[in-house]
Enquirer: 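Have a look at the structure that comes next, please.
To find a chain, count down the sequence lines: A is the first, B the second, and so on, and within it residues start at 1. For the numbers below, each heavy atom of this structure counts, side chains included, while hydrogens, waters and symmetry mates do not.
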Amino acid sequence: MAKAIRIYNTLSRTIEPFTPLHENRVGMYVCGPTVYNYLHLGNCRTFSSFDIVFRYLIYAGYQVRYVRNITDAGHLEGDRDEGDDKFAKRAKLEKLEPMEIVQKYTQYFHDVMQAFNCLPPSIEPTATGHIIEQIEMTKLLLEKGWAYEVDGTIYFDVEKYSKENNYGILSNRNLNDLLDGTRELSGQDEKQGRLDFALWIKAKPEHLMQWPSPWGNGFPGWHIECSAMSQKYLGNEFDIHGGGMDLIATHHTNEIAQNCACNGVSPARVWMHTNMLTVNGVRMSKSAGNGFLPNELFSGSHPLLEKGYSPMSVRFFMLQSHYRSTLDFSNEALQAAEKGYARLMNAIKLIDNLKTEGDNASYIQSLTDKCEAAMNEDFNTPIAISHLFEGVTFINNVNDGREKISASDKIALKKLFHDFVFDILGLKMESEQGNDKLDGLMQILLAQRADAKARKDFAASDLLRDQLLALGITIKDGKEGATYNL
RNA sequence: GGUCCUGUGGCCGAGUGGUUAGGCAGAGCUCUGCAAAAGCUCGUACAGCGGUUCGACCCCGCUCGGGACCUCCA
């Protein structure tokens, strides 16, 4: 059932049934961050989306090898194979070694991924760790005639490639359109074609990150690293390649060209692309200056925010939209998500204490089927969540005695919520339900308050409640006695 | 200019040719000493104009609006 997964493929622009190359195994490559600066929330959305894909494929019973790279070299400011190296520029700015920059922002990236409860990938290769592989691939492309050298720099010959291949296959553009959108070569350009891009770039003597190669000292172009690393760990052909939509036109297009030219086959069968996060309708990006840093969001220190939001509220917020839709960021939307997430978690806490009776099964199974059906259809998390909220209503009804649940359904209900909310959506309980001592203390206070209420000393009971509330502890009087929430 | 996406109720966001998305907010009610929590009920939603159809928010065309990519960005 869960294996009837269908995925939107950018190559075909349709939703297709997903069949892995090798039965029961899935190879997935996702373009990771360039660690020259703090990653912002838009980046987090992409990685959270693929975290869901990873988790659901595991749930569906696949053995998944998930490769997500770290770009720690070779990324120039402009993609015209000129301009500053991003790491070198940042290193100068912060007065650090380039590898200190890499270390710092890689660490930040990992911390944020952990905060968002994203599972670590199976392999997280770095560009600097695979210089040899990139040189080898560049050599092969030269040998096969798809690339040429100009004074220590190697370019990929796009126009030659286009004669036998569809260069714009992913972006759905033809070569002439692409050429129209590109500036004329100036007299200073070394490359032969306007669309040609560098595989290997000759380093100036002062360049901080450089490696020896058959063409002299240099560093790899941006696109070759993903081709070389995906091939190394997933083979010439693998199942899924993912990234943000902004990578389609250039990075992924060039990646396909490199792999096809080198191996004669397109690397990935399915290309998945996540849409952008927007702020007031405009794409969040570093250059637009509207990029939220994750910890600005958590603490609420960003000027556009009224308050801070917990990582799980934000994750839940993101999951309430489909990964291929743009998602707009606002205080109101965030607050709505925060409350919705709290409601979901509160219902889950109730499951264990539900009283069972009767034997009216099957409802939970149908709910499970609906959740799976939603996820099977291109990982439609918002629909899955809407079904989970049906379950929330059911749980609350059972808890209030308006509905009954059988013992077997209760087990199924618990499994459903644990599978979907925790394992697949990757949410987790944030509010620590305290330790034993705290709980014991609370029970004493609740007993005192119950006692005051029994004496109709409401002034005393309300005072206790207000004082606890001031500490962030909410008291709820139920039929079975009072409970508390931290 | 080229390529493409998009316009859903107060807000965020799914979806479908003919039966409810869902969350948040709002109103009323139930429960309660009061709250909180929970539940129930409610609200002229599908940019505009045409067309196809027995029937369209969902298909087609046009108009208007918003956005992305074609420079680096997930």
Side-chain angles (χ1 to χ4, degrees), chain A residues 13 30-34 36-37 39-50 75-80 83-84 86 168 171-174 176-183 222 242-251 273-278 281-288 291 316-317 319-322 324-344 346-347 350 374 377 380-390 392-393 395-397 399-403 453 456-458 461-462 465-466 469 474-479 482-485:
Chain A
R13 292 172 191 261
V30 171
C31 292
T34 303
Y36 71 103
N37 205 336
L39 86 165
H40 61 69
L41 225 47
N43 305 298
C44 297
R45 179 140 71 165
T46 292
F47 301 131
S48 298
S49 295
F50 285 106
H75 211 154
L76 298 182
E77 289 258 285
D79 196 44
R80 291 166 181 169
D84 289 335
K86 286 181 172 175
S171 59
N172 199 22
R173 277 180 231 184
N174 65 46
N176 288 335
D177 287 344
L178 287 165
L179 284 167
D180 284 347
T182 319
R183 56 150 198 186
W222 175 34
M245 269 184 183
D246 49 351
L247 299 182
I248 293 174
T250 307
H251 183 54
H273 292 98
T274 58
N275 215 134
M276 302 291 111
L277 197 60
T278 60
V282 179
R283 172 184 172 181
M284 184 180 286
S285 69
K286 284 167 192 165
S287 51
F316 182 77
F317 165 71
L319 293 177
Q320 277 191 298
S321 74
H322 187 88
R324 281 191 288 115
S325 304
T326 55
L327 173 62
D328 201 57
F329 215 66
S330 69
N331 277 292
E332 249 186 317
L334 237 25
Q335 274 163 28
E338 187 175 54
K339 290 189 180 171
Y341 163 73
R343 186 163 166 232
L344 182 63
N346 283 334
L350 292 174
E377 192 66 8
N380 200 322
T381 52
I383 293 192
I385 288 173
S386 79
H387 293 312
L388 289 172
F389 272 103
E390 280 179 42
V392 168
T393 301
I395 290 168
N396 289 329
N397 277 329
N399 191 50
D400 289 354
R402 277 181 295 274
E403 293 261 14
K453 281 177 69 173
K456 299 222 188 284
D457 184 358
F458 296 123
S461 71
D462 287 353
R465 185 173 66 194
D466 293 344
L469 188 63
T474 314
I475 301 296
K476 289 184 280 189
D477 290 329
K479 284 178 182 161
T483 55
Y484 69 95
N485 253 330

Enquirer: A/V392 and A/L344: which non-hydrogen atoms are nearest, and at how many Å?
Expert: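 The pair with the smallest heavy-atom distance is CG2-CD1, 3.7 Å.
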Enquirer: Name the nucleic acid region contacted by A/L327, choosing base, sugar-phosphate or nothing; use a 4.0 angstrom heavy-atom cut-off, strictly under.
Expert: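 It contacts sugar-phosphate atoms only.
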Enquirer: Determine whether a donor-acceptor pair (one donor, one acceptor, N or O, separation below 3.5 Å) exists between the side chain of A/D462 and the base of B/G33.
Expert: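 Under the 3.5 Å cut-off, the side chain and the base do form a donor-acceptor pair.
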Enquirer: Taking the nucleotide of RNA chain B with the nearest heavy atom to each, does A/K339 or A/F317 sit closer to the 5' end?
Expert: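 Here A/F317 is the residue nearer the 5' end.
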Enquirer: At under 4.0 Å, does any side-chain N or O of A/N275 touch on OP1 or OP2 of B/A74?
Expert: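 For B/A74, OP1/OP2 do not have a side-chain N/O of A/N275 under 4.0 Å.
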Enquirer: What is the distance, to the nearest angstrom, from the CE atom on A/M276 to the C1' atom on B/G13?
Expert: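 One finds 18 Å between C1' of B/G13 and CE of A/M276, rounded.
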Enquirer: Using both distances under 3.5 Å as the test, list the Watson-Crick or G-U wobble partner of B/C59, or none.
Expert: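 The base-pairing partner of B/C59, which may sit in any strand shown, is B/G51.
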Enquirer: Does the side chain of A/N43 get closer than 4.0 angstrom to OP1 or OP2 of B/A74 through an N or O atom?
Expert: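 So the side chain of A/N43 is within the cut-off, an N or O lying under 4.0 Å from OP1 or OP2 of B/A74.
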Enquirer: Taking atom P in both B/A37 and B/G28, what distance in whole Å separates the two?
Expert: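 These two P atoms come out 16 Å apart once rounded.
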Enquirer: Output the single nucleotide from B/C12, B/C72, B/A74 whose closest atom is nearest the side chain of A/S330.
Expert: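 Looking only at heavy atoms from C-beta outward on A/S330, the closest nucleotide is B/C12.
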Enquirer: Would you indicate what A/I475 reaches in the nucleic acid, counting non-hydrogen atoms under 4.0 angstrom: base, sugar-phosphate, or nothing?
Expert: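 Base contact.
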Enquirer: With heavy atoms under 4.0 Å as the rule, sort A/S325 into base, sugar-phosphate or nothing.
Expert: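 Sugar-phosphate only.
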Enquirer: How close or far is atom P of B/A38 from atom CD1 of A/I395, stated in whole angstroms?
Expert: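 In whole Å, B/A38 P and A/I395 CD1 are 13 Å from each other.
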Enquirer: Between B/C70, B/G39, B/A74, which one does the side chain of A/T250 approach most closely?
Expert: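 Of all the options, the side chain of A/T250 is nearest to B/C70.
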Enquirer: Hey, does A/A336 reach any base, or is it just sugar-phosphate, or nothing, if we go heavy atoms under 4.0 Å?
Expert: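 The residue A/A336 makes base contact.
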Enquirer: Could you tell me which nucleotide pairs with B/U3 by Watson-Crick or G-U wobble geometry, both distances under 3.5 Å, or answer none if nothing does?
Expert: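 Matched B/U3 with B/A68 under the 3.5 Å cut-off.
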Enquirer: Nearest to the A/Q320 side chain among B/G39, B/G23, B/C12, which nucleotide is it?
Expert: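 Nearest to the side chain of A/Q320 among the choices is B/G23.
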Enquirer: Is it the case that A/R324 and A/S49 place a side-chain donor and acceptor less than 3.5 Å from each other?
Expert: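 Per modelled atom types, A/R324 and A/S49 side chains form no pair under 3.5 Å.
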Enquirer: If the C1' atom of B/C69 is compared with that of B/C57, how far apart are they to the nearest Å?
Expert: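 The same atom, C1', in both gives a distance of 28 Å.
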Enquirer: With a non-hydrogen cut-off below 4.0 angstrom, is A/F389 in contact with a base, only sugar-phosphate, or nothing?
Expert: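 It contacts sugar-phosphate atoms only.
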Enquirer: A/I385 CD1 to B/G23 P: how many Å, rounded?
Expert: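 Nearest whole value for this atom pair: 11 Å.
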Enquirer: For A/F329 and A/F317, I'd like to know if the aromatic rings sit close, meaning centre-to-centre distance below 6.0 Å.
Expert: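 Ring centroids of A/F329 and A/F317 are less than 6.0 Å from each other.
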Enquirer: Quick check for you: to the nearest 0.5 Å, what is the distance between A/T393 atom OG1 and A/L388 atom CG?
Expert: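 Interatomic distance, A/T393 OG1 to A/L388 CG, rounded to 0.5 Å: 11.0 Å.
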Enquirer: Of the nucleotides B/A36, B/C69, B/C72, which one has an atom closest to the side chain of A/A249?
Expert: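 Selected nucleotide: B/C69.
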Enquirer: Starting at atom CZ of A/F316, determine the distance to atom P of B/G13, rounded to an integer number of angstrom.
Expert: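 Taking CZ of A/F316 and P of B/G13, I get 14 Å after rounding.
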Enquirer: What pairs meet the salt bridge (Lys or Arg N to Asp or Glu O under 4.0 Å) rule with one or both residues in residues 329-338 of chain A, with sequence neighbours excluded?
Expert: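 Of all non-adjacent pairs touching residues 329-338 of chain A, those that pass salt bridge (Lys or Arg N to Asp or Glu O under 4.0 Å) are A/K307-A/E338.
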Enquirer: Please give, in whole Å, the distance from B/C5 P to A/D246 CG?
Expert: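 Nearest whole value for this atom pair: 18 Å.
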Enquirer: Rounding to an integer number of angstrom, what distance separates B/C5 and B/A38 when you compare their C1' atoms?
Expert: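 Comparing C1' positions in B/C5 and B/A38 gives a spacing of 42 Å.
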Enquirer: Heavy-atom nearest nucleotide on RNA chain B for A/S321 versus A/R402: which residue maps closer to 5'?
Expert: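 Closer to the 5' end of RNA chain B: A/S321.
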Enquirer: Using a heavy-atom cut-off of under 4.0 Å over every strand shown, decide if A/T393 touches base, sugar-phosphate, or nothing.
Expert: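 Since only primed, P, OP1 and OP2 atoms lie under 4.0 Å of A/T393, the category is sugar-phosphate.
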Enquirer: Kindly say whether, by distance alone, the side chain of A/D477 makes a donor-acceptor pair under 3.5 Å with the base of B/A35?
Expert: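 Yes, a donor-acceptor pair under 3.5 Å.
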Enquirer: Is there side-chain contact between A/T474 and A/Y484, with at least one heavy-atom pair below 4.5 Å?
Expert: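 No, side chains not in contact.
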Enquirer: Side chains of A/T274 and A/R45: closer than 4.5 Å at any heavy-atom pair?
Expert: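 The answer is no; the side chains never approach within 4.5 Å.
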Enquirer: Counting Watson-Crick and G-U wobble pairs only, both distances under 3.5 Å, name the nucleotide matched with B/U20, or none.
Expert: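 With both distances under 3.5 Å required, B/U20 matches none.
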Enquirer: With a 4.0 Å cut-off on heavy atoms, is A/K453 in touch with a base, just the backbone sugar-phosphate, or nothing at all?
Expert: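 Base contact - A/K453 has a heavy atom under 4.0 Å of at least one base atom.
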Enquirer: Could you tell me whether A/N399 contacts a base, only the sugar-phosphate backbone, or nothing, with contacts defined as non-hydrogen atoms closer than 4.0 Å?
Expert: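 A/N399: no heavy atom of the nucleic acid under 4.0 Å.
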Enquirer: Provide, to the nearest angstrom, the distance between the CG atom belonging to A/L350 and the P atom belonging to B/A38.
Expert: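 Going from A/L350 (CG) to B/A38 (P), I get 9 Å.
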Enquirer: Between B/C58 and B/G18, how many Å separate the two P atoms, rounded to a whole number?
Expert: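 These two P atoms come out 12 Å apart once rounded.
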Enquirer: Could you check how far CD1 of A/I248 sits from P of B/C5, rounded to whole Å?
Expert: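 Between P of B/C5 and CD1 of A/I248: 12 Å.
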Enquirer: Among the nucleotides B/A14, B/C72, B/A68, which one has an atom lying closest to any side-chain atom of A/R283?
Expert: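 Shortest atom-to-atom distance from the side chain points to B/A68.
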Enquirer: Using purine N1 to pyrimidine N3 plus N6-O4 or O6-N4 for Watson-Crick, or N1-O2 and O6-N3 for G-U wobble, both under 3.5 Å, which nucleotide pairs with B/G39?
Expert: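 Its partner is B/C29 (Watson-Crick or G-U wobble, both distances under 3.5 Å).
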Enquirer: Between B/C24 and A/R343, is there an OP1 or OP2 to side-chain N/O distance shorter than 4.0 Å?
Expert: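 For B/C24, OP1/OP2 do have a side-chain N/O of A/R343 under 4.0 Å.
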Enquirer: Specify the separation, in whole Å, of atom CZ of A/F458 and atom P of B/G33.
Expert: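 Checked: the CZ to P distance equals 7 Å.
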Enquirer: Can you identify which nucleotide, out of B/G23, B/C12, B/A74, has its nearest atom closest to the A/F47 side chain?
Expert: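 Minimum distance to the A/F47 side chain belongs to B/A74.
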Enquirer: Would you indicate which nucleotide in B/G33, B/A38, B/A74 comes nearest to any side-chain atom of A/S461?
Expert: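 Between B/G33, B/A38, B/A74, the one nearest the side chain of A/S461 would be B/G33.
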Enquirer: Within the structure provided, determine whether A/R465 and A/D477 are in side-chain contact (heavy-atom separation under 4.5 Å).
Expert: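 Yes. Closest side-chain heavy atoms under 4.5 Å.
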Enquirer: Just to be sure I understand the rule, does A/E332 reach a base, reach only the sugar-phosphate, or reach nothing, if contact means heavy atoms closer than 4.0 Å?
Expert: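 Sugar-phosphate, no base atom in range.
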Enquirer: Using distance alone, with no hydrogens and no angle criterion, decide if A/T326 and A/T278 have a side-chain donor and acceptor under 3.5 Å apart.
Expert: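 No pair is found: no donor N or O on one side chain lies under 3.5 Å from an acceptor on the other.
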Enquirer: Considering only the C1' atoms, how many Å lie between B/G10 and B/G26, rounded to the nearest integer?
Expert: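 Going atom to atom, C1' in each nucleotide, I get 8 Å.
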Enquirer: By the 4.0 Å heavy-atom rule, please label A/G243 as base, sugar-phosphate, or nothing.
Expert: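 It contacts sugar-phosphate atoms only.
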Enquirer: When we call it a touch if two heavy atoms are under 4.0 Å apart, what does A/H322 touch: a base, just sugar-phosphate, or nothing?
Expert: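 It contacts sugar-phosphate atoms only.
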Enquirer: Which of the following nucleotides, B/A14, B/A38, B/A35, is nearest to the side chain of A/R465?
Expert: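 Nearest nucleotide to the side chain: B/A35.
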